[in-house]
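Shown next, in structure tokens, is the structure this report addresses.
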Protein chains: 2
Amino acid sequence: MPRAGLDTAAIVTAAAELADEIGFSELTMARLAERLGVRAPSLYKHIAGQDDLHRRIAALAFDEAAVAIGAAIQGRSGRDALAAAADALRTLVLTRPGCYAATLGLTPTGPDDPILLASMRGIGPFEAVLRGYDIPPQDMTHALRAVRSVFHGFASLQASGGFQLSTDIGESFDYLIDLIDRGLRAIAGTAPADPHR
Amino acid sequence: MPRAGLDTAAIVTAAAELADEIGFSELTMARLAERLGVRAPSLYKHIAGQDDLHRRIAALAFDEAAVAIGAAIQGRSGRDALAAAADALRTLVLTRPGCYAATLGLTPTGPDDPILLASMRGIGPFEAVLRGYDIPPQDMTHALRAVRSVFHGFASLQASGGFQLSTDIGESFDYLIDLIDRGLRAIAGTAPADPHR
DNA sequence: GCTTTTGGCTAACGCAATTAGCCACCGGGT
DNA sequence: ACCCGGTGGCTAATTGCGTTAGCCAAAAGC
């Protein structure tokens, strides 16, 4: 029996693609092994187990997101940058639903979890976007969390088919961007260093 | 062997509590049966299977959310109502993490899925909150989706421990409410009937 | 060319969900 | 009071998944 020549990266890449095709919850060791032309136990020579695999897929997803969003905001700022970043993220969620699902429901194992570092990298571009608004430094974390919540929420609701009404989702997305853009301007302009928070 | 006197509602209630205690992903038929003083196959006399159980827990969660948020916004409007609704939702997510997790990642089986109806009921109170802002009717759906995205996003990130930085989460939450409140006012005031959308 | 490491394999275990099929309990009718 | 049918438990068995143990050949290094 000739060797398949697998390595960790190849397995993770294949797993991510498979998850996108059949859905993250349908991703199974046996199916992944079959896709790779190998038996299930062989996978354990390269990954520690299912949990490890999931985390690696998630890390891959975060990195892809960072790259895509980073590229999208090149040369833009303010509302343009916000819209471009959001759109890049949304496209990614729709294109790679399995990878996106892998990033949900993760509990970091510790402060040095690679997942954590990857998610930090994924946030980076949003920080750049926010720099285009006049956010006081002590509010930056809050603003970052807010923006992250907003886009994560929209993307995950869309991904799970949470929007039932027939109204166009793209329009709702534009509306949401408008809402956040205006909110950021208003909050930056009128409450630069609100002491009661 | 005397009968345990179970019924569907009792099982779902117990499952929801158990999910809150040990985590939704740890909820298993065997564990649930043990909690109820019964063997696992007996559960199938009352529920169709695991998927059915999950959907019923989710429906329960949506209904609880609708009640809690509805109660929270009684007699309030505008920013107050927004904050109260958001806080009620957030409290619920923290109090009943298992139930909340059950509502994620559901794909409605069809247009008459009970889950769908329950989630509609869960949205109701937010519609009431939005009535306190001057949202033009044709934008109501968009605004509703936006608000839902925002709070769902924040809650789910918090529930999954997605906020690593040590900054206080409650403060971030206040900031988010401020952001949305100002955004809604701005968008309602300046673009009452934007034709290009 | 021999040895060592490495990356496949088969076999086997434990656990979860589910189904089949049995049998005792409980309520209603005679 | 009795019987009798449906209901709600049970045990046993099946399937499929993740994972571990232990074997053996292929590649890699001396």
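No hydrogens, no waters, no symmetry mates; every other heavy atom, side chains included, goes into these values. So you know, we letter chains A, B, ... as the sequences are listed, proteins then strands, and number each from 1.
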In whole angstrom, what separates [X]'s [atom1] from [N]'s [atom2]?
X       : N      : atom1 : atom2 : result
A:Ile11 : C:dT6  : CD1   : P     : 16 Å
B:Tyr44 : D:dA12 : OH    : P     : 18 Å
B:Asp7  : D:dG6  : CG    : C1'   : 17 Å
B:Leu43 : D:dT7  : CG    : P     : 18 Å
A:Ile47 : C:dG8  : CD1   : C1'   : 15 Å
B:Asp51 : C:dT18 : CG    : P     : 8 Å
B:Gln50 : D:dT15 : CD    : P     : 20 Å
A:Lys45 : D:dA25 : NZ    : P     : 15 Å

Exercise. Relative to the ring of B:Phe126, is the ring of B:Phe151 parallel (under 30°), tilted (30 to 60°) or perpendicular (over 60°)?
Worked result: parallel
Exercise. Parallel, tilted or perpendicular: which fits the ring planes of B:Tyr100 and B:His152, with parallel below 30° and perpendicular above 60°?
Worked result: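 B:Tyr100 vs B:His152 ring planes: tilted.
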Exercise. Transitively linked via ILVMFWY side-chain contacts under 4.5 Å: B:Phe62 with B:Leu53?
Worked result: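 No, because B:Phe62 and B:Leu53 fall into different hydrophobic clusters, even though each may have its own neighbours under 4.5 Å.
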Exercise. Between A:Phe154 and A:Leu89, does a side-chain contact (heavy atoms from CB on, under 4.5 Å) hold up when you go through it step by step?
Worked result: CA-CA 10 Å; A:Phe154 192 92; A:Leu89 177 60; over 6 Å; no
Problem set entry | Nucleotide nearest B:Ala40 when distance is taken to its side chain, options C:dC9, C:dT18, D:dG9 | C:dT18
Problem set entry | Listed nucleotide nearest any side-chain atom of B:Leu6, set C:dC9, D:dG9, C:dT18 | D:dG9
I want to check one thing: is the phosphate of [N], taken as OP1 and OP2, less than 4.0 Å away from some side-chain N or O of [X]?
X       : N      : value
A:Arg39 : C:dT10 : yes
A:His46 : C:dG8  : yes
A:Ser42 : C:dG7  : no

Problem set entry | Upstream residue (5' side of DNA chain C) when A:Gly5 and B:Leu27 are each assigned their closest nucleotide | A:Gly5
Exercise. Would you call B:Ile180 and A:Ile180 a side-chain contact if the rule is heavy atoms closer than 4.5 Å?
Worked result: yes
Exercise. When we call it a touch if two heavy atoms are under 4.0 Å apart, what does B:Thr28 touch: a base, just sugar-phosphate, or nothing?
Worked result: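 Touches sugar-phosphate only.
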